[in-house]
Amino acid sequence: MDFPFDVNALFPERITVLDNSLSAGRKAHGRPDPLLQISTVIDELGKASSKVIITVFLSLQMSVSVCHHVMCVCVCVSPQAQQLPAPITSAAKLQANRHHLYLLKDGEQNGGRGVIVGFLKVGYKKLFLLDQRGAHLETEPLCVLDFYVTETLQRHGYGLQLFDFMLKHKRVEPEQMAYDRPSPKFLSFLEKHYDLKSSVPQVNNFVVFSGFFQSRSAVQLRKVPPKKPEGEIKPYSLMEREVVRQEQRALPWPFIHPAGPPHSPRLLPSSPQSRSLSVGSSPSRAPLRPAAAPGTPSSQLSDSCRAKRTSHQGLVARSNLYSRPINSRELRQLLAEEQNPLKLPDHILKARLCSFRHLPPQRKIMYRNRPP
Ligand SMILES: CC(=O)SCCNC(=O)CCNC(=O)[C@H](O)C(C)(C)COP(=O)(O)OP(=O)(O)OC[C@H]1O[C@@H](n2cnc3c(N)ncnc32)[C@H](O)[C@@H]1OP(=O)(O)O
């Protein structure tokens, strides 16, 4: 790839390592690095590399379209129109990340001004990977993120020169690295030059080879902590108990009881109507639902609830006539009187009696003294 400026002046070395400073090392002729030109080189290489990806993407897409919808093959005119990915490599992205970009030039070409042959971009990434046994590991390997050699110069050994340089520079072995969506050419390259062929299946786009997990120390591979053990998670039963406690606190007197024993069966706890079945006074909150039309099933239900509530208020009022805590027989009697003809189901009656029996003495006194 040639440029309208002197590549040799810009990049004195055969292979230049660029980082987020976009500095090419030695400054040519005492001048500051021509950032704009370096940015142009990176951007153009990034675009060229992404074209390869886009071509693969489009050919895959076309073949899928042809297979499944013979009549609906869409011709893609521009990457933007197809919402294809932006170049993986650009000057701006390099500046924004802690990656390293290796640039290979051929200084002899282009009338001695040199051409850019290709580039390789690497960087560390936090990855969750599966080992051969399927265990999740948190890793942060050096990853190959982008790799490109100009079309006309491929299969001339330039890729190998770049890759070998990077391995020495980073002091890393090929099997210790992860590869971000490697193309078939790149996979073939890795197999040919580094004998990397058996990859360990992953659920993300990264490819690692079998040596990856053996060659890493325990420090580099951190097992992803297992899901919280059951004991640490607040069990549902406890949460429910907490809810019950809150409900008990919220239950209007006298049907609350302080601890332990069974109490009124919970009937649709979220429904104000079901709540009012077991209360002795009107709900303090405004109704959550609009009033139902008369004659509808829900209006019948609320009528029945209202009647029951009135009945309970009556029960409270009558119990206040006693000058001592009433016993269960008396309560039963009161209930029978108050509920008639609205007979409470046995289990509710039983629960109420039970609830009453467990009222502490002071509550019973309050019960007695409570105004109607
Ligand atoms: C994580 C990523 O970056 S994935 C994207 C990788 N990049 C690409 O696919 C872009 C297009 N391809 C290229 O730019 C280059 O082919 C690279 C970077 C993959 C390899 O660079 P090269 O200079 O071609 O590699 P080099 O000459 O050192 O090695 C040649 C070997 O690479 C593989 N290879 C290179 N080109 C091809 C090709 N067209 N078809 C199949 N295999 C190929 C082969 O194994 C080849 O050996 P062979 O010729 O004996 O079959």
Side-chain angles (χ1 to χ4, degrees), residues 1-2 14-18 41-61 63 79 84-91 93-94 97-109 114-127 129 139-170 172-209 211-212:
M1 186 179 285
D2 51 2
R14 182 171 158 75
I15 295 180
T16 300
V17 187
L18 291 170
V41 171
I42 297 169
D43 287 345
E44 289 308 311
L45 283 169
K47 278 185 217 159
S49 171
S50 76
K51 267 185 207 146
V52 178
I53 295 167
I54 287 168
T55 311
V56 173
F57 181 88
L58 289 183
S59 58
L60 275 174
Q61 200 183 45
S63 58
L84 295 173
I88 294 166
T89 301
S90 68
K93 283 183 180 170
L94 192 61
N97 290 287
R98 296 179 66 185
H99 297 154
H100 273 138
L101 190 139
Y102 300 83
L103 267 180
L104 174 63
K105 71 165 190 181
D106 181 347
E108 309 293 311
Q109 303 292 315
V115 292
I116 300 292
V117 172
F119 76 96
L120 170 64
K121 187 172 80 170
V122 299
Y124 288 94
K125 287 225 171 251
K126 242 192 187 107
L127 299 177
L129 296 174
T139 66
E140 197 169 357
L142 186 65
C143 303
V144 177
L145 305 170
D146 207 357
F147 190 18
Y148 172 75
V149 168
T150 314
E151 275 77 8
T152 52
L153 298 175
Q154 287 172 13
R155 288 188 144 160
H156 285 69
Y158 290 118
L160 183 62
Q161 286 177 34
L162 266 172
F163 209 89
D164 272 347
F165 184 95
M166 178 276 297
L167 292 177
K168 285 195 191 87
H169 182 251
K170 289 286 187 189
V172 69
E173 297 296 322
E175 71 270 15
Q176 293 175 317
M177 300 184 71
Y179 301 89
D180 186 4
R181 278 169 295 170
S183 64
K185 287 184 188 179
F186 188 26
L187 287 171
S188 162
F189 170 93
L190 289 171
E191 183 171 354
K192 175 183 170 141
H193 295 302
Y194 303 106
D195 200 26
L196 294 178
K197 37 183 179 247
S198 46
S199 62
V200 182
Q202 301 298 322
V203 288
N204 52 28
N205 287 322
F206 284 83
V207 168
V208 290
F209 294 89
F212 182 89

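Just follow the structure's listing: the first ligand is 1, and inside any ligand the first atom is 1.
At distances below 3.5 Å, at least one donor-acceptor pair connects side-chain atoms of Ser183 with backbone N or O atoms of Phe186. Under the 3.5 Å distance criterion, the side-chain polar atoms of Lys121 are left unmatched by any main-chain donor or acceptor of Leu94.
Of all the atoms in ligand 1, the ones that sit under 4.0 Å from a non-hydrogen atom of Tyr148 are 14 (O). Near Gly157, meaning under 4.0 Å from one of its heavy atoms, ligand 1 places the atoms 26 (P), 27 (O), 28 (O). Taking every heavy atom of Phe147 and a limit of under 4.0 angstrom, the matching atoms of ligand 1 come to 3 (O), 5 (C), 6 (C), 7 (N), 8 (C), 10 (C), 18 (C). Taking every heavy atom of Arg181 and a limit of under 4.0 angstrom, the matching atoms of ligand 1 come to 4 (S). Using a 4.0 Å cut-off to heavy atoms of Asp146, the atoms of ligand 1 that qualify are 3 (O). Per-residue contacts place Leu160 under 4.0 angstrom from the following atoms of ligand 1 (heavy atoms of the residue considered): 28 (O).
With contacts defined as side-chain heavy-atom distances shorter than 4.5 Å, the pair His169/Ile15 does not qualify. Two residues are said to be in side-chain contact when any heavy atoms from C-beta on lie closer than 4.5 Å; Val122 and Tyr102 meet this criterion. Within the 4.5 Å cutoff, no side-chain heavy atoms of Phe165 are placed close to those of Leu120.
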Evaluate Phe209 against Tyr194 for ring pair (Phe, Tyr, Trp, His ring centres under 6.0 Å), listing each step before the verdict.
CA-CA 11 Å; Phe209 294 89; Tyr194 303 106; over 10 Å; no
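In this structure, Tyr179 does not count as a contact residue of ligand 1, since none of its heavy atoms falls inside 4.0 Å of the ligand. Ligand 1 lies nowhere less than 4.0 angstrom from a heavy atom belonging to Glu151.
For ligand 1, the polar-atom distance check against Phe186 finds no nitrogen or oxygen pair separated by under 3.5 Å.
Evaluated by nearest non-hydrogen atom to atom 42 (N) of ligand 1, the leading choice among Glu191, Lys192, Arg155 is Arg155. Selection from His156, Lys51, Lys121, Gln154 by nearest heavy atom to atom 16 (O) of ligand 1 gives Gln154. When the heavy atoms of Phe163, Phe206, Phe189 are ranked by distance to atom 32 (O) of ligand 1, first place goes to Phe189.
Contacts of Pro182 with ligand 1, taken as heavy-atom pairs under 4.0 Å, involve the backbone alone.
A side-chain contact (heavy atoms from CB on, under 4.5 Å) with Leu45 is found for exactly one of Thr89, Leu103, Asp146, Val117, namely Leu103.
The environment of NZ in Lys170 is crowded: more than 12 heavy-atom neighbours from other residues, nucleotides or ligands sit within 6.0 Å.
Closest non-hydrogen pair, Leu127 versus Ala178, comes out as CD1-CB, 3.9 Å.
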